[in-house]
Participant: 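Sending over a structure as structure tokens; questions will come in a sec.
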Amino acid sequence: AVRGKVSPLRYRAYLALIHENNVRRNLAIRRQTSELLVALNAERIRPLLLKGVLALVTDHDRDPGARMMSDIDIVVAREERSRAEGALRALGYHAASRYPEGHHAVAEFKRPGDPAAVDLHIELIDQPYLMCGEEALGRSRMLDLQEGGGCAIPTATPRVLHTLLHAQVHHLGQYYRGDIVLRQLHDFCWIAEKYAASIDWSEIDGRMTAQRMRPVLESYLLAGNTLFGLAWPLARPPSPAARLHNMRCRLQLRAPQRLEDRRQVLWPPVDGHENGDLVAALERREARGEAHPRVEEGGRAGLCKPEPA
């Protein structure tokens, strides 16, 4: 439905075709995952599954064609890294791209003819102080697939925390940009509702508060409540900062291009970096002894106001 009206039949038929093909593709990815797990198990490795592939092998009551995915995210212990890479190469995979040292992932491995790449991780995100891979592996439980192969899967609390951090802090820093990807938010709400009885929200709240990131959690929960009806799980109401941030996110969802144009006028990218990397870009300029082009003579940073029409 679009704005309360039924979409034209041709659009519905097109979406049905995409869904049907995605079901087939996801089933092929599940078989690919089973083959990968068997090879890793032979090297005494039981990887931790994340994100889309985790949903594919655990959430059996979920529509198998509802979620599109491009890769198989697995986490191995640091000491298992070389053996995992060897197992991938033995299966015919090659490293299509490698990440720099210090990155949470090692490389993206591809094999001709496969529907998905394999993203090999040694940490969950680039900020391991928020949740490290060793802890997630230690708190995981074992699962054996019917097709063959065994893996580790995160328990409910680490899973929903990782979903939050990946969506709002890791990668593009979407919290700081005021952005919400609806697919990620829907995943977060689905997990939070399905595993509600097993999630320790006080632990999640404590971790985020300890890192001064309480508004990140509260704003995302507010978005889930507003857009998908997620019940508020915390003992306290959302803070004013979280409410203001949530308003900003909803405004950007309603008029994304208009607000993006305004944001680029007020605070354009620095050194070719988007706003989410602004602080890092400014620090690099400072290290090189360069002033930001819009720092005024008195040393005070000023915003560039749009010229009158």
Side-chain angles (χ1 to χ4, degrees), residues 29-30 32-37 39-41 43-58 67-112 114-140 149 151-155 158-177 179 181 183-184 187-188 191 207 211 273-274 276-277 280:
I29 293 175
R30 185 180 170 104
Q32 181 186 351
T33 302
S34 174
E35 178 197 33
L36 173 64
L37 293 178
L40 290 171
N41 294 166
E43 295 293 332
R44 306 180 308 282
I45 300 172
R46 273 190 174 243
L48 181 75
L49 303 189
L50 296 177
K51 297 163 56 182
V53 70
L54 173 61
L56 197 60
V57 303
T58 59
R67 196 188 195 284
M68 291 185 175
M69 50 186 290
S70 60
D71 53 20
I72 298 169
D73 291 283
I74 62 172
V75 182
V76 301
R78 290 182 181 274
E79 61 271 18
E80 298 171 339
R81 169 181 170 172
S82 60
R83 284 185 284 129
E85 290 195 54
L88 284 162
R89 286 193 295 269
L91 287 175
Y93 289 91
H94 69 279
S97 60
R98 285 194 174 273
Y99 301 104
E101 287 298 324
H103 198 275
H104 75 289
V106 176
E108 183 181 62
F109 291 85
K110 293 183 178 181
R111 185 173 63 177
D114 279 348
V118 177
D119 215 16
L120 180 62
H121 299 244
I122 52 175
E123 291 288 353
L124 276 69
I125 55 175
D126 282 337
Q127 300 84 6
Y129 54 86
L130 295 172
M131 175 186 286
C132 70
E134 182 179 1
E135 178 190 358
L137 283 163
R139 296 176 63 175
S140 64
C151 62
I153 60 173
T155 50
R159 182 178 180 183
V160 77
L161 177 58
H162 173 254
T163 304
L164 164 69
L165 294 174
H166 188 272
Q168 288 290 280
V169 179
H170 172 73
H171 189 39
L172 296 178
Q174 287 165 339
Y175 170 80
Y176 308 101
R177 300 162 60 92
D179 291 340
V181 177
R183 174 184 56 80
Q184 293 176 334
D187 278 352
F188 175 80
I191 296 166
R207 284 175 179 259
Q211 299 296 332
H273 290 265
E274 296 295 335
D277 295 328

Participant: When rounded to the nearest 0.5 angstrom, what distance separates CD1 in I74 from CZ in R46?
Facilitator: 13.5 Å

Participant: Where is the tightest heavy-atom contact between L40 and P47, given as atom of each residue plus distance?
Facilitator: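 Taking L40 first and P47 second, the nearest heavy atoms are CD1-CG, 3.6 Å.
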
Participant: For V181 and Q174, which heavy atoms make the closest approach, and how far apart are they?
Facilitator: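 Shortest heavy-atom contact: CG2-NE2, 3.2 Å.
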
Participant: Under the side-chain contact (heavy atoms from CB on, under 4.5 Å) criterion, do R44 and E80 qualify, and how do the steps go?
Facilitator: CA-CA 9 Å; R44 306 180 308 282; E80 298 171 339; over 6 Å; no

Participant: Would you mind reporting whether H94 and R89 have side-chain heavy atoms less than 4.5 Å apart?
Facilitator: no

Participant: Taking C-beta and beyond as the side chain, do R183 and M68 meet within less than 4.5 Å on heavy atoms?
Facilitator: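 SC-SC contact between R183 and M68 ruled out.
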
Participant: Is there a side-chain contact between L165 and Q127 (heavy atoms, below 4.5 Å)?
Facilitator: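 Counting from C-beta outward, L165 and Q127 never come under 4.5 Å.
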
Participant: Can you tell me how far CG of L161 sits from CD1 of I191, rounded to the nearest 0.5 angstrom?
Facilitator: 11.5 Å

Participant: Please report the interatomic distance CG(L164) to NE2(H170), rounded to the nearest 0.5 Å.
Facilitator: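 Reported value, rounded in 0.5 Å steps: 13.0 Å.
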
Participant: Give the minimum heavy-atom separation between L124 and A136, together with the two atoms involved.
Facilitator: CD1-CB, 3.8 Å

Participant: Measure up the Y99 and H103 rings against each other and bin them: parallel (under 30°), tilted (30 to 60°), perpendicular (over 60°).
Facilitator: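 Taking H103 first and then Y99, their aromatic rings lie parallel (interplane angle under 30°).
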
Participant: For a 4.5 angstrom cut-off between non-hydrogen side-chain atoms, does Y93 reach D114?
Facilitator: yes

Participant: Can you name the nearest heavy-atom pair linking Q32 to P115, along with the distance?
Facilitator: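 Residues Q32 and P115, closest heavy atoms: OE1-CD, 3.3 Å.
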
Participant: Minimum heavy-atom separation for A107 to A95, with atom names?
Facilitator: CB-CB, 4.3 Å

Participant: With no hydrogens and no angle check, is any side-chain donor or acceptor of E43 less than 3.5 Å from a backbone partner on A87?
Facilitator: no

Participant: Between atom NZ of K51 and atom CE of M69, what is the distance when rounded to the nearest 0.5 Å?
Facilitator: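 Atom-to-atom, K51:NZ and M69:CE are 9.0 Å apart.
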
Participant: For the backbone of D119 and the side chain of E108, can you confirm whether one donor and one acceptor N or O come within less than 3.5 Å of each other?
Facilitator: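 No.
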
Participant: Donor-acceptor check, side chain of R207 to backbone of L130, threshold 3.5 angstrom: yes or no?
Facilitator: yes

Participant: Is C132 close to E123 at the side-chain level, that is, under 4.5 Å between some pair of heavy atoms?
Facilitator: yes

Participant: Is there a side-chain contact between E134 and R78 in this structure, where contact means two heavy atoms from C-beta onward sitting under 4.5 Å apart?
Facilitator: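 Counting from C-beta outward, E134 and R78 never come under 4.5 Å.
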
Participant: Are side-chain heavy atoms of L54 and L48 found at a separation under 4.5 Å?
Facilitator: no

Participant: So, Q168 side chain and D179 main chain: donor-acceptor pair closer than 3.5 Å or not?
Facilitator: yes

Participant: Once you measure the plane-to-plane angle for H121 and H104, does it fall in the parallel (<30°), tilted (30-60°) or perpendicular (>60°) bin?
Facilitator: tilted

Participant: How close do C151 and L49 get, heavy atom to heavy atom, and via which atoms?
Facilitator: SG-CD1, 3.6 Å

Participant: Could you tell me if the side chain of D73 sits less than 4.5 Å from the side chain of H166, heavy atoms only?
Facilitator: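 Not touching, per the 4.5 Å side-chain cut-off.
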
Participant: Please check if the side chain of R67 supplies one atom and the backbone of A55 the other of a donor-acceptor pair under 3.5 Å.
Facilitator: no

Participant: So, R30 side chain and L56 main chain: donor-acceptor pair closer than 3.5 Å or not?
Facilitator: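 Side chain of R30 to backbone of L56: a pair is present.
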
